[in-house]
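Have a look at this one.
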Amino acid sequence: MAKIQMTTPLVEMDGDEMTRVLWKMIKDTLIYPFVDLKTEYYDLGLEHRDETQDQVTIDAAKANARLGVGVKCATITPNAQRMEEYHLKQMWKSPNGTLRAILDGTVFRAPIITSRVPPYVSGWKKPITIARHAYGDIYRNVEARVKAGDKADLVITHADGSQDVLPVAAYACDGVAMGMHNLDNSIASFARACFEYALSAGQELWFSTKDTISKVYDHRFKDIFQEIYDAEYKQRFEEKGISYFYTLIDDAVARVIRSEGGMIWACKNYDGDVMSDMVATAFGSLAMMTSVLVSPDGKYEYEAAHGTVTRHYYRYLKGEETSTNPVATIFAWSGALAKRGELDGLADLQAFAKRLEKATLDTIEAGTMTGDLAAMAQGEGIRKVTSQAFLDAIAQRLQ
């Protein structure tokens with residue numbers, strides 16, 4: 001069988017631990033036999049990031065901006081324990097945070113649904129899409145340890161050199177301090193991306209922050225969303241028969257749990273990180289969620305929403321076979337291939353991406369699945385298999 005041809009490379013960003021192992025397995029089993037894969041490769045494994053002073057992450061982001069479509073493996077964001085384990089030069093920032101800062105845009109995350117795994121929230125009937133702002137907040141923060149007797153101020157230096165000094169805290173004991181920021185232009189891009197996505201999907205849009213407590217920072221998000229909606233989107237939403245509304249994030253959580261699903265829930269950066277994991281888990285598994293970063297100028301970066309599956313990786317290093325779920329990573333590849341095919345006018349590449357997703361879901365529906373799904377799946381004929389056996393079963397359907 002002749003392989004499907006590509007014209008423009010994908011930006012391929014390799015990652016860490018068990019997902020790095022799955023990355024190669026997916027390419028070898030599900031992509032190379034069918035597609036003449038072209039990629040511009042960047043190793044975002046923690047060791048290589050350390051070797052390059054994290055320059056490789058910046059280079060990968062710039063390549064994604066240049067080529068238009070990237071696909072990324074899950075990566076480690078090091079903490080103190082990881083710094084010691086990997087003998088790092090410093091505690092490097094989140095690679096995803098770096099990519100999002102350079103590309104800007106919005107992350108859209110939605111569950112991958114199978115009838116074999118009903119949602120834990122019994123009332124949910126439709127997918128819930130999380131729209132996550134992709135810039136700033138704690139992902140671009142500055143933070144410090146503070147000693148007893150110290151004083152922390154927020155100092156704003158204006159263009160004319162004058163300053164506003166806002167007292168943060170006088171420390172009676174040792175503590176910590178953090179500063180973070182965001183930009184009106186990025187918030188506006190986030191708002192427009194959410195409104196456009198809601199119109200294309202024909203779904204209502206919810207936006208939530210905590211403006212009752214954060215009366216300037218969070219309130220600015222709320223105001224920008226409302227101003228853009230009123231000026232540019234209100235009439236289009238009404239004509240489409242869909243709605244937009246703002247609510248406090250704690251109220252949004254309650255509304256989502258009581259809902260049937262089917263909405264787009266827009267959240268700030270950290271809120272979107274947490275809530276997308278909550279939604280994915282409630283629909284069945286963190287390994288069953290798509291994630292795509294869309295920049296304001298139409299660049300796309302597809303990734304798995306979960307982590308590097310460290311526990312399984314340690315078992316793998318001992319020579320044990322694992323039953324790690326690769327579905328989110330498969331869908332990252334299929335999403336990137338489909339978008340590359342769309343942008344390059346390659347109908348056969350787009351069709352392959354759809355077949356890959358269908359073969360993956362059909363394999364699960366037929367009862368063959370990894371351990372995380374088998375533990376919660378319903379129906380007859382459920383068969384727990386290793387990661388490689390699961391990929392082989394998908395490949396048989398693709399044949």
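Index from 1, following the sequence.
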- Do Lys268 and Asn182 have side-chain N/O donor and acceptor atoms under 3.5 Å apart? no

- Query: Any chance the rings of Phe195 and Phe237 have centres within less than 6.0 Å?
  - Reply: yes

- Message: Under a 4.0 Å threshold between the charged nitrogen and the carboxylate oxygen, would Lys27 count as salt-bridged to Glu12?
- Response: yes

- Query: Is the cationic atom of Arg116 (NZ for Lys, CZ for Arg) positioned less than 6.0 Å from the six-membered ring centroid of Phe283 and within 45 degrees of its normal?
  - Reply: no

- Message: Quick one, Thr386 and Thr322 - any side-chain contact, counting heavy atoms below 4.5 Å?
- Response: no

- Any Lys/Arg nitrogen of Arg220 or Asp184 sitting under 4.0 Å from an Asp/Glu carboxylate oxygen of the other? yes

- Between Thr308 and Asp16, does any side-chain donor sit less than 3.5 Å from a side-chain acceptor? no

- Task: Would you check if there is a donor-acceptor pair between the side chains of Tyr139 and Asn96 at a distance under 3.5 Å?
- Result: no

- Item | Electrostatic pair Lys354-Glu357, nearest N-O below 4.0 angstrom | no

- Glu85/Arg82 ion pair, N-O < 4.0 Å: yes

- Task: Scan side-chain atoms only and decide if Tyr41 and Asp14 contain a donor-acceptor pair under the 3.5 Å cut-off.
- Result: yes

- Is there a donor-acceptor contact under 3.5 Å linking the side chains of Tyr233 and Glu196? yes

- Task: For Tyr300 and Val71, indicate whether the former's side chain and the latter's backbone hold a donor-acceptor pair under 3.5 Å.
- Result: no

- Salt-bridged, Glu227 to Arg192, with N to O below 4.0 Å? no

- Message: I'd like to know if the side chain of Trp206 pairs up with that of Glu204 as donor and acceptor (distance under 3.5 Å, no hydrogens or angles considered).
- Response: yes

- Item | CZ/Arg66: more than 12 non-hydrogen atoms of other groups inside 6.0 Å | yes

- So, Ser295 versus Asp104: side-chain donor-acceptor pair below 3.5 Å or not? no

- Query: With distance as the sole criterion, is a donor-acceptor pair present between the side chains of Ser186 and His133 under 3.5 Å?
  - Reply: yes

- Query: Any side-chain heavy-atom pair from Val107 and Val292 closer than 4.5 angstrom?
  - Reply: no

- Query: Between Lys215 and Thr212, does any side-chain donor sit less than 3.5 Å from a side-chain acceptor?
  - Reply: no

- Query: Between Thr106 and Arg132, is a side-chain hydrogen bond (donor to acceptor under 3.5 Å, both in side chains) present by the stated rule, with each step listed?
  - Reply: CA-CA 6 Å; Thr106 299; Arg132 174 184 172 186; over 6 Å; no

- Task: Check whether any side-chain heavy atom of Thr209 sits under 4.5 Å from a side-chain heavy atom of Tyr217, and report yes or no.
- Result: no

- Under 6.0 Å from the OH atom of Tyr270, do we count more than 12 heavy atoms belonging to anything else shown? no

- Salt-bridge criterion met for Asp251 and Arg255 (N-O under 4.0 Å): yes

- Could you tell me whether Lys210 and Asp218 have a side-chain N and a carboxylate O separated by less than 4.0 Å? no

- Query: Taking 4.0 angstrom as the limit, do Lys234 and Asp230 come out as a salt bridge?
  - Reply: no

- Compute both the distance and the angle, then confirm whether Lys222 meets the cation-pi test with Phe207: under 6.0 Å from the six-membered ring centre, within 45 degrees of the axis. no

- Does a donor on one side chain and an acceptor on the other come within less than 3.5 Å for Asp392 and Gln396? no

- Inspect the surroundings of OH in Tyr171 and state if more than 12 heavy atoms from other residues, nucleotides or ligands are less than 6.0 Å away. yes

